[in-house]
Amino acid sequence: MTEKYRPNLHFSPCAGWMNDPNGLIRVDGVWHLFFQHDPNSISHGPMHWGHASSTDLVHWAEQPVALHPTELGTCYSGSAVEAADGEIKLFYTAHSHTPEGEDHQVQCLVHADRSLRSYAVEPANPVVANPGLVVFRDPKVIWHEPTGRWVMLIAEGQSIGFYGSTDLKSWTYLSSFGDGHGRHGCGPWECPDLVPLTAPNGDTVWVLLVGLNTGSYAPGSGTQYFLGQFDGMAFGNANLPETELWLDYGRDYYAAQTFFERGGTDKPTVMAWASNWLYARQTPTEAFRGIMSLPRELRLVESPDGLRVAAHAPLAARQAFGATDRRGTGRFDHIVTLTVGEELTITLFGEDQPHFIVRRTTIRRGALRTMRAAVPGMDQFAHDYAVDFAWPERGALDITVFIDRGLVELGAADGLVWITNLFFPADPEAEARVDSMKR
Ligand code: FRU
């Protein structure tokens with residue numbers, strides 16, 4: 001099980017390839033994580049849904065593979081819900097090729113029992129046929145309480161399609177969102193999600209998450225979000241169309257999804273795949289390839305830049321990282337007070353070059369610079385860029401760094417700024433520590 005870059009407290013599959021989190025759901029107190037998986041190789045091959053479960057979102061037990069390819073295709077990303085009768089329904093994209101070699105994608109339904117051990121494929125699959133789109137995938141099903149019906153979001157090229165249903169089997173097209181809004185790279189939008197959050201003033205605001213395969217804030221894949229209203233039919237962006245909001249500013253936080261919890265929750269929990277399509281197939285691991293991020297709880301805050309999503313690692317994760325004696329794994333908390341122009345340098349793994357530099361650029365703004373060295377055999381892995389952010393009004397900036405043998409998640413400014421990055425240091429165990437110094 002142990003190899004050089006396998007994390008201790010983040011989920012990674014025992015063997016094989018993993019990308020997106022799928023079908024995230026909490027049932028009877030157990031958190032279920034399904035994931036894009038090729039159990040037979042460490043490359044993105046014929047996709048299955050792997051499965052793991054946890055009672056604390058930190059320690060995961062891998063379960064037998066849940067979904068296998070069928071005659072309709074391999075099993076691309078999707079979601080899970082608990083229906084009124086207590087049955088669990090999984091939705092995934094069956095991916096196949098046309099005789100001409102084009103991608104063909106349709107949405108399928110699988111019925112599961114509450115223990116998520118037995119699965120029955122819906123005989124009427126596909127439940128949503130392809131309307132003639134090359135990218136038509138990643139069904140995310142949510143319950144829309146005010147209209148009393150199910151809504152499915154589907155990534156359609158560079159926009160999100162919305163479909164409605166009362167029985168989870170027959171789906172009607174409602175609307176689409178995306179054209180001219182937010183960031184559009186040259187690749188598709190992927191893995192949408194939609195959750196209602198309560199703003200500090202008590203209003204319900206809907207958060208639409210969208211994965212950008214390429215062309216995100218940092219080079220490659222990334223997760224943007226939109227804030228707005230959803231009336232059960234259509235999503236309306238509350239910000240100007242050109243506004244770009246990012247759930248994480250790092251290189252390795254993709255395909256983020258929230259856990260379905262029956263009855264809803266004030267603090268939806270989100271997880272992401274800690275990698276980037278630019279180099280995901282080249283990472284130097286052996287038995288497995290792919291790591292999930294830590295879970296994070298989302299809430300809305302009124303920041304100096306306006307209403308924003310803030311994310312926090314749940315207490316169990318904070319405690320597990322604070323208490324672990326496993327080498328290479330730990331949590332570091334800093335409270336930083338800098339004068340304008342001053343910097344704080346964070347150096348990881350005992351290396352000479354800094355990995356993060358925090359600078360107070362003006363009385364109200366800061367810059368968080370992230371640097372990563374090249375790794376042989378990995379294209380486009382090195383980086384050096386900075387994130388501009390609002391310096392907390394109280395004057396002191398909080399920074400928490402979760403380090404897990406090469407996966408580093410840095411959160412700052414009370415959850416408003418996150419940078420999740422993979423590193424492949426010479427020795428991920430020997431010196432998992434933070435050196436900081438003021439210049
Ligand atoms: C996102 C993604 C999804 C797709 C899956 C295939 O990373 O490209 O759009 O369903 O991965 O594994």
Side-chain angles (χ1 to χ4, degrees), residues 13 16-24 33-51 65-70 72-80 90-97 102-108 110 126 128 130 133-141 152-161 178 184-193 209-216 218-224 247-248 250-257 270-283 288-293 420 422:
W17 164 274
M18 175 175 81
N19 57 295
D20 314 349
N22 296 153
L24 302 184
L33 158 68
F34 298 90
F35 51 91
Q36 286 290 278
H37 189 38
D38 183 352
N40 303 311
S41 87
I42 62 163
S43 275
H44 186 265
M47 283 297 104
H48 299 57
W49 275 28
H51 180 201
V65 170
L67 302 186
H68 298 258
T70 69
L72 287 177
T74 60
C75 306
Y76 268 21
S77 288
S79 57
L90 308 182
F91 293 86
Y92 74 92
T93 299
H95 171 261
S96 60
H97 289 109
E102 294 269 307
D103 276 357
H104 185 67
Q105 302 172 348
V106 293
Q107 317 317 326
C108 293
V110 173
V128 187
N130 190 304
L133 297 168
V134 177
V135 173
F136 184 63
R137 59 176 179 254
D138 309 341
K140 171 71 187 192
V141 177
M152 181 189 287
L153 284 72
I154 303 179
E156 302 183 339
Q158 288 196 10
S159 59
I160 305 302
H184 293 263
C186 50
W189 280 15
E190 300 179 317
C191 300
D193 197 351
L209 305 181
V210 175
L212 226 79
N213 184 297
T214 31
S216 81
S221 316
T223 305
Q224 66 179 332
L247 208 52
D248 192 293
R251 299 291 306 280
D252 300 295
Y253 194 84
Y254 195 55
Q257 292 281 294
V270 68
M271 274 181 99
W273 173 44
S275 196
N276 188 317
W277 280 117
L278 279 185
Y279 45 73
R281 296 173 175 87
Q282 302 165 342
T283 56
F288 77 103
R289 191 179 267 146
I291 303 175
M292 286 304 168
S293 75
T420 300
L422 287 170

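All values below were derived from every heavy atom in this structure, side-chain atoms included, with hydrogens, water molecules and symmetry-related copies excluded. In each ligand, atom 1 is the first atom listed, and ligand 1 is the first ligand listed.
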Problem set entry | Test side chain to side chain donor-acceptor pair (under 3.5 Å) applied to Thr214 - qualifying residues, sequence neighbours left out | none
Run through all N or O atoms in ligand 1 and write down each protein N or O closer than 3.5 Å, as a pair with its distance.
residue  : atom   : partner : partner atom : Å
ligand 1 : 7 (O)  : Asp20   : OD1          : 2.7
ligand 1 : 7 (O)  : Asp20   : OD2          : 3.2
ligand 1 : 7 (O)  : Trp277  : NE1          : 2.8
ligand 1 : 8 (O)  : Glu190  : OE1          : 3.4
ligand 1 : 8 (O)  : Glu190  : OE2          : 2.8
ligand 1 : 9 (O)  : Arg137  : NE           : 2.7
ligand 1 : 9 (O)  : Asp138  : OD1          : 3.3
ligand 1 : 9 (O)  : Asp138  : OD2          : 2.6
ligand 1 : 9 (O)  : Glu190  : OE2          : 3.2
ligand 1 : 10 (O) : Ser77   : N            : 3.2
ligand 1 : 10 (O) : Asp138  : OD1          : 2.5
ligand 1 : 11 (O) : Asn19   : ND2          : 3.2
ligand 1 : 11 (O) : Asp20   : OD2          : 3.1
ligand 1 : 12 (O) : Asn19   : ND2          : 3.1
ligand 1 : 12 (O) : Gln36   : OE1          : 2.7
ligand 1 : 12 (O) : His44   : NE2          : 2.7

For this session: Calculate, to the nearest 0.5 Å, the distance between atoms CE and CG belonging to Met47 and Leu67 respectively.
Result: 12.5 Å
Problem set entry | Option passing ring-ring contact (aromatic ring centres under 6.0 Å, His included) with His48 (candidates His37, His95, His68) | His68
Seminar exercise, completed: For His44, the side chain to side chain donor-acceptor pair (under 3.5 Å) test, sequence neighbours excluded, returns none
Problem set entry | Thr70: partners by side chain to side chain contact (heavy atoms under 4.5 Å, CB included), with sequence neighbours left out | Leu72, Tyr92
Seminar exercise, completed: Rounded to the nearest 0.5 angstrom, the CG-CH2 distance for Asp20 and Trp49 is 10.0 Å
